[in-house]
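Worksheet: one structure, shown below.
Heavy-atom basis, side chains included; hydrogens, waters and symmetry copies ignored. Residue numbers run from 1 in the order of the sequence given.
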Amino acid sequence: MSDDRKKILQVVGNTQLGGVASCLLNYMRRCDLKNYRFDFVTYAPTAFDKQVKLCDGQAKIYHIPNLTKSVLRGMGDIEDICCAEKYDIVHSHMGILSAVVLPEAAAAGVPVRICHAHSTFNRHSDRYLIKKLMRPFAASYATHLMACGRAAAESTFKRRAGEAMLLNNAIEAEKFYCTEGEHISAKNQCGTDKTIILFTGRFAYQKNLSFLLKAFAAAGRKDALLVLLGGGPLQAELEELCVKLGITGSVKFVPPGEPYTWYKAADVFVLPSLYEGLSVSAIEAQAAGLSCIFADSVTKETDITGNCTFLKTDINLWAEALRGNFTRSYDVKEKIVAAGYDIESEAHRLTDYYGQLTGGQVGKN
């Protein structure tokens, strides 16, 4: 590949788990890499790095200190990277932390600076007071705004929300579509005939998994298996809570990995988050045809199949919902494509937008 390509620096931060990293990879695998090179700033080497290199061996990946712990060092590193490479665009996926990313890009002379909102923001957010103070400055040095959905744009950008270009968290939908036969086969592969209640994502405060475990215990379903697929800082704490609640034998912790088999084997998907943008895992679950139970903090625009229920985070309400009978849909493809969440039809939108912002000329640097 020629390296007179336009150079885009994607500032991501944590790539261990989570929707932002997987969403970026989905776009990178299918967008115009003949004319654009994606480089990345992350906090540490992860499996993400290998996936980037498989897409483009010339892509550069930089590791900086965590901006929530070493903000001045991290800022200095970002400015040094931008000065050395003379990027056409810096695309910050750091939400409110863009307040410390984009000034460094501006100081280095980067002409196009995008602040991307991937999550909503409310009083339940971790580090709420700090984020509240920083939010007015998140996009101060941005030349353009982007968001995964209307709710994320309104939460992060407030009065400027209407300026944001909405880019769907599109997925490799073909990998998730499921037939009735595939559902039965996946259940056999997972070694259970129980009703599978599935959560996928990072085991972190935001996801409210201790609440989910308490609601599942209250539901008292001996015929169900709660599967938590992912990993994160709260896993040991969650395992201890399972022991206290007496549900250890009914909860399965699955390490990070390809989730397709579990989505196809599951009977219902749950997302009890305290706050959320437009969840990639929620889109994946719907592409698999699953009924979904979401906390009412999850934006209603997440419901693209009509198979979603939104509940207040009340243990009795969730316990009752988890006792229900769940149905799968096997004809969701048209809805996923029409809503703009199939990457096959969406991938071009990102580099088309970059082209608009840079005048459509390739290789000016």
Shortest non-hydrogen contact between [X] and [Y], atoms and distance:
X    : Y    : result
G95  : A138 : O-CB, 4.0 Å
A215 : I315 : CA-CG2, 4.0 Å
L278 : G149 : CD1-CA, 4.4 Å
L145 : Y353 : O-OH, 4.1 Å
F199 : V270 : CD1-O, 3.5 Å
R202 : P233 : NH2-CD, 3.5 Å

Any residue meeting side-chain hydrogen bond (donor to acceptor under 3.5 Å, both in side chains) with E344, in chain and number order, not counting sequence neighbours: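 In terms of side-chain hydrogen bond (donor to acceptor under 3.5 Å, both in side chains), with neighbours along the sequence ignored, E344 is linked to R30.
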
Would L198 end up clustered with F310 when hydrophobic side chains under 4.5 Å apart are linked, directly or stepwise?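 Same hydrophobic cluster.
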
Is it true that atom [atom1] of [X] has more than 12 heavy atoms of other residues, nucleotides or ligands lying nearer than 6.0 Å?
X    : atom1 : answer
R73  : CZ    : no
K244 : NZ    : no
R29  : CZ    : yes
K252 : NZ    : no

Whether the [X] and [Y] side chains hold a donor-acceptor pair (N or O, under 3.5 Å, no angle test) is what I'd like checked.
X    : Y    : result
T42  : N14  : no
S329 : D331 : no
Y330 : H183 : no
D39  : Y87  : yes
D77  : H63  : no
K6   : T358 : yes

Could you tell me whether [X] and [Y] make a salt bridge, using a distance below 4.0 angstrom between a side-chain N and a carboxylate O?
X    : Y    : result
E85  : R37  : yes
E174 : K333 : yes
D56  : R5   : yes
D223 : R221 : yes

Side chains of [X] and [Y], heavy atoms from C-beta outward: is any pair under 4.5 Å?
X    : Y    : result
I89  : I114 : yes
T305 : I336 : yes
T68  : L97  : yes
T309 : C292 : no
C178 : R328 : yes
V251 : L228 : yes

Among residues at least two apart in sequence or on other chains, which ones pass ring pair (Phe, Tyr, Trp, His ring centres under 6.0 Å) with F137?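 Checked F137 against ring pair (Phe, Tyr, Trp, His ring centres under 6.0 Å); zero matches.
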
Under the ring pair (Phe, Tyr, Trp, His ring centres under 6.0 Å) test, residues paired with F211 that sit two or more places apart: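 Partners of F211 under the ring pair (Phe, Tyr, Trp, His ring centres under 6.0 Å) test: W318.
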
Applying salt bridge (charged side-chain N to carboxylate O under 4.0 Å, His left out), name anything that partners E79, two or more places apart in sequence or on another chain.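 E79: no salt bridge (charged side-chain N to carboxylate O under 4.0 Å, His left out) contacts found.
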
Residues that R349 engages under salt bridge (charged side-chain N to carboxylate O under 4.0 Å, His left out), provided they are two or more places apart: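 If we apply the salt bridge (charged side-chain N to carboxylate O under 4.0 Å, His left out) test to R349, skipping adjacent residues, the hits are E346.
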
Using a 3.5 Å distance criterion without hydrogens, assess whether the side chain of [X] forms a donor-acceptor pair with backbone atoms of [Y].
X    : Y    : result
N208 : P272 : yes
S155 : A152 : no
T156 : A153 : no
S279 : A282 : yes

Is the gap between the ring centers of F48 and F40 under 6.0 Å?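 Close enough - the centres of the two rings lie under 6.0 Å apart.
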
Walk me through it: do Q10 and V41 pass the test side chain to side chain contact (heavy atoms under 4.5 Å, CB included)? CA-CA 6 Å; Q10 310 281 356; V41 169; over 6 Å; no

Please determine whether side chain to side chain contact (heavy atoms under 4.5 Å, CB included) holds for the pair E163 and F157, giving the CA-CA distance in whole Å, both sets of side-chain angles, and the decisive distance to 0.1 Å. CA-CA 9 Å; E163 299 175 32; F157 303 130; over 6 Å; no

Looking at SG of C190 and CG of L225, how far apart are the two atoms once the value is rounded to the nearest 0.5 Å?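 It is 9.0 Å, given to the nearest 0.5 Å.
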
For a side chain to side chain contact (heavy atoms under 4.5 Å, CB included) check, start with the C-alpha distance between H93 and H91, then their side-chain angles and the critical distance, and finish with the verdict. CA-CA 6 Å; H93 300 268; H91 188 158; 3.3 Å; yes

Side chain to side chain donor-acceptor pair (under 3.5 Å) contacts in which one or both residues fall within residues 263-273, not counting sequence neighbours: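 Matches after skipping sequence neighbours: K187-D267, T200-Y263, Y263-E284, S273-E276.
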
Using the six-membered ring wherever Trp is involved, compare the ring planes of Y275 and Y205 and label them parallel, tilted or perpendicular (cut-offs 30° and 60°).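 Plane angle between 30° and 60°, so tilted.
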
Yes or no on side chain to side chain contact (heavy atoms under 4.5 Å, CB included) for S250 and L226, after CA distance, side-chain angles and deciding distance? CA-CA 6 Å; S250 298; L226 175 61; over 6 Å; no

